[in-house]
Amino acid sequence: MPDPASDLPLAPYRVLDLTGPPGYLAGRMLGDLGADVIKIEPPGGDPSRMTPPYVGDRPDAERSLPWAAYNASKRGITLDLKAATGRALFMDLVAVADFVIDSFGGGRLAGLGLAHADLAKMHPALITVAITPFGSDGPYGDYQATDLVAMAMGGWVSITGEDDRPPVRMGGEQAYAQVSLQAATGAMLAHHHRMATGQGQHVETSMQEAVTNSLLDDQAHWQLSGFVRHRVGTKALYSPLVAQAVWRCRDGYVAYRALVGRGAGRSTRALVAWMGEEDSAGELAGVPFEELVTYDIQQRDWDRWEAIIADFLAGRGKEELWMEGQRRGIQIFPVNAPADILRDPQLEAREFWQEFHQPEVGQSVTYLRAPYQATSWPREIRLPAPRVGQHNGEVYGGLLGLNDQAIGRLSRASVI
Amino acid sequence: MSGALADVRVLEFAWAVAGPATTRPFAQHGATVVKVETSNRLDGTRAMGPFRDKPGRNRSGYYALYNHGKLSVTLNLHHPRGHDVVRRLVRWADVVNENFSAGQMERWGLGYEDLAKIKPEIIMLRSSMQGQAGPHAQHRAAGMQLQGLVGLTHLTGWPDRAPSATSTPYTDVVGPWFGAVAILAAIDQRDRTGQGQCIDLSQYEASLQVIAPAIMEYAATGREPTRRGNRSLSMAPHGVYRCDGDDEWCAIAVRDDDDWRRMRRAMDAPGWTDEARFATSEGRLAAADELDRLVESWTVPRSAEEVMTTLQSAGVPAGAVRSCAGLFEDPQLAHRAHFVPLEHPVLGPFMCDAPAFRLSRTPADLGPAAAMGMHNEHVYKTVLGMPDDEYESLHSSGVFD
């Protein structure tokens with residue numbers, strides 16, 4: 001709840017969170033920084049709570065792990081925006097809120113009379129953030145998108161995967177992640193302007209553009225050389241070569257890039273030295289990695305060198321390659337599975353994990369904290385993901401001043 | 001000066017992508033971002049291609065993508081008189097942004113405690129790979145390898161193949177958004193309380209956020225999530241389907257039974273779609289392999305555009321797999337003016353990405369990337385108020401190398 005005395009920077013501010021999966025993380029980011037984020041779900045709960053996997057493998061609105069991951073640091077209420085009384089309650093909440101974030105798309109809020117202009121009439125300092133699949137107008141303004149579709153339309157799918165199979169999207173749901181990350185950034189940019197001027201504004205965010213904005217250097221390659229990045233499986237492009245990026249090792253895989261040139265080539269030389277100690281370096285011992293540039297190397301020579309490295313890596317475990325590699329100035333990282341990550345001593349030392357005991361599911365659930373430590377910001381997650389309507393009493397009663405009978409009537413009428 | 005961040009001053013000691021990406025939205029919205037560079041050590045992306053015609057410190061498109069709209073000064077941090085100049089820059093700044101490995105700023109006398117002595121209310125963002133402290137804080141790493149550490153690689157690709165590389169260092173564009181939001185929150189707090197802040201961001205931890213469900217799944221159930229190609233645990237059909245042409249594909253995601261009915265109608269209900277087992281999500285998921293083959297029998301004779309428009313007209317999520325070249329021809333990105341041409345002294349016209357978020361009152365205004373040291377006189381003389389003779393003296397001593 002807003003508490004200007006709190007050490008967290010966004011403690012004085014309140015966010016009404018109407019999001020579905022594309023926008024959950026945006027609200028979480030602001031909640032982690034101290035804002036009072038109120039997740040507003042339809043009566044009965046957000047249908048996207050029924051997303052596996054579930055705690056205990058039991059499908060249940062209180063057990064969805066994807067839902068929990070991104071809806072921590074929020075209070076939860078239920079509200080039917082389709083009901084006129086529901087919309088009136090929403091306006092009462094807007095009056096005491098600083099941000100409204102939604103991901104309905106398709107002019108849904110405008111259709112309910114809850115567009116930015118409608119809300120700003122009452123609350124000119126309000127910042128509204130709309131997460132949409134492609135933007136609110138234009139040839140694809142009405143198009144629908146899930147994460148996979150946005151990743152495809154934004155350019156990420158085409159560059160990932162094996163060339164003898166369909167291209168794939170990256171693990172997780174990165175279009176949802178990116179549009180949330182970027183929408184939260186837009187919200188805070190608008191907030192800064194508001195702090196100086198008192199003016200709110202509307203921040204419209206396109207998921208397709210969020211994906212395109214996360215492509216790194218594809219746009220530069222295409223513009224400057226006409227090169228179109230494409231998928232190369234376990235390899236990656238090392239212009240103009242195709243170079244191994246993921247390598248088999250004894251107990252799984254490691255991520256490693258053999259590099260050339262001053263600086264980068266030094267670590268390759270260090271790997272060759274290690275291999276040499278075991279008589280495994282072969283012709284690599286004579287290759288001047290630090291003096292080479294990729295443009296002077298033939299692909300078939302590069303492939304032959306990498307085959308020698310592959311043999312060496314294949315015989316060793318990922319932990320050894322990682323730790324001994326670091327000792328020798330070589331960057332070989334394990335391809336970690338979640339079990340490895342949960343054991344990582346660095347994350348332990350950073351106090352990254354937080355367990356909440358959740359009696360309604362009969363066990364503790366481990367959450368991830370926000371990814372930074374700050375001088376005076378407490379690291380603890382204050383709230384696990386809320387149960388359906390968990391904070392109806394606190395919000396409708398405590399914040400809006402409704403008495404128990406009024407809340408009961410609204411509940412029986414399925415307005416909340 | 002206009003823009004949402006017109007009054008914000010950032011001093012940037014950042015290199016490669018993660019550091020500069022953090023302040024890209026700031027520069028796009030009117031902040032003054034001063035990058036401190038040195039001839040002795042090129043910012044990673046200045047040395048990385050792709051280049052216009054040939055390598056050169058002012059010829060990198062990669063640098064331009066992440067540093068457009070920022071000012072560039074050169075400063076030799078090892079020069080004995082350099083430190084005094086830095087001190088003046090810190091006093092000018094609201095925010096110091098850095099992403100060197102843990103300990104590097106301290107070696108330059110620019111750790112947080114050093115900065116706070118110069119300006120107690122300074123806000124510092126430090127974006128290291130794994131945090132400033134801890135048993136692995138000193139590990140050297142680059143974005144490409146970090147994908148492996150953070151669990152992204154493991155989850156990418158096919159269950160019966162080795163994991164696929166993510167092609168580019170995606171983790172470099174996750175942390176920066178967390179950093180940007182944290183900086184803006186810290187500025188708000190400073191404006192209300194006068195208090196500064198050091199924000200120690202771990203790119204590793206930031207990247208874990210975007211696969212949090214997989215990690216929480218293992219922690220809660222003891223079961224390791226695995227690669228699934230393009231499959232979903234709850235939706236079918238859900239995948240990338242071959243279309244007519246060379247390496248042309250369309251992504252399709254049928255969210256629920258309503259979408260399935262709409263898709264059937266849009267396909268003119270081929271006989272196989274009548275099967276009762278396909279009527280429910282459970283049935284479709286159970287038969288996903290066969291369903292994918294059947295859907296592809298419909299998509300293969302059609303162009304990706306036709307598949308997309310046919311299904312989208314029916315309200316079913318579908319999207320052509322765009323290559324980078326395809327993005328530059330995408331009609332919606334054109335409608336959004338996503339690619340903004342910027343005139344660069346060396347690159348010539350070069351398009352940078354507009355932000356995905358559009359502020360209605362204070363929209364972005366993109367400026368070109370700077371040649372190295374291009375703003376020395378402007379920053380040192382005009383902004384810091386350095387007299388001409390002092391500037392000349394420092395310049396000839398090599399302080400601005």
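Below, chain A is the first sequence line, B the second, and so on; all start at residue 1.
- Residue A:Leu33 touches chain B through its side chain alone, counting heavy-atom pairs closer than 4.5 Å.
- Looking at B:His154, the atoms closer than 4.5 Å to chain A (heavy atoms on both sides) sit in the backbone and in the side chain alike.
- In this structure, the portion of B:Arg24 lying under 4.5 Å from any heavy atom of chain A is its side chain and not its backbone.
- If you measure heavy-atom distances from A:Lys235 to chain B, the contacts under 4.5 Å come from the backbone alone.
- Applying the salt bridge (Lys or Arg N to Asp or Glu O under 4.0 Å) test to every pair with at least one member in residues 139-149 of chain A, sequence neighbours left out, gives these pairs: A:Asp147-A:Arg169.
- Neither the backbone nor the side chain of A:Tyr176 comes within contact range of chain B; no heavy atom of the residue lies under 4.5 Å from a heavy atom of that chain.
- Both the backbone and the side chain of B:Leu149 come within contact range of chain A, each with at least one heavy atom under 4.5 Å from a heavy atom of that chain.
- Both the backbone and the side chain of B:Ile215 come within contact range of chain A, with heavy atoms under 4.5 Å apart.
- Contact count versus chain B (heavy atoms, under 4.5 Å) is highest, among A:Gln201, A:His193, A:Glu355, for A:Gln201.
- Closest heavy-atom contact between A:Leu259 and A:Ala264: CB-CB, 3.7 Å.
- A salt bridge is defined here as a Lys NZ or Arg NE, NH1 or NH2 lying under 4.0 Å from an Asp or Glu carboxylate O, and A:Arg231 with B:Asp247 meets this definition.
- Both the backbone and the side chain of A:Trp377 come within contact range of chain B, judged by heavy atoms closer than 4.5 Å.
- For A:Ile332, no part lies under 4.5 angstrom from a heavy atom of chain B.
- Proximity to chain A (any heavy atom under 4.5 Å) is restricted, for B:Arg223, to the side chain, taken from C-beta onward.
- Neither the backbone nor the side chain of B:Pro176 comes within contact range of chain A; no heavy atom of the residue lies under 4.5 Å from a heavy atom of that chain.
- Listed options A:Ala177, A:Ser376, A:Ser180, A:Pro133 were ranked by heavy-atom pairs under 4.5 angstrom with chain B; first place goes to A:Ser376.
- With a threshold of 4.5 angstrom between heavy atoms, A:Ala196 does not approach chain B through any atom at all.
- Contact of B:Gln145 with chain A is made through backbone and side chain together, with heavy-atom distances under 4.5 Å.
- When heavy atoms are compared at a cutoff of 4.5 Å, A:Gln219 approaches chain B by way of both its backbone and its side chain.
- Heavy atoms closer than 4.5 Å to chain B are found in the side chain of A:Met195, but not in its backbone.
- Residue contact with chain A, scored on non-hydrogen atoms closer than 4.5 Å, involves the backbone and the side chain of B:Phe350 alike.
- Heavy-atom distances place the side chain of A:Met29, and not its backbone, under 4.5 Å from chain B.
- If you measure heavy-atom distances from A:Ser206 to chain B, the contacts under 4.5 Å come from both the backbone and the side chain.
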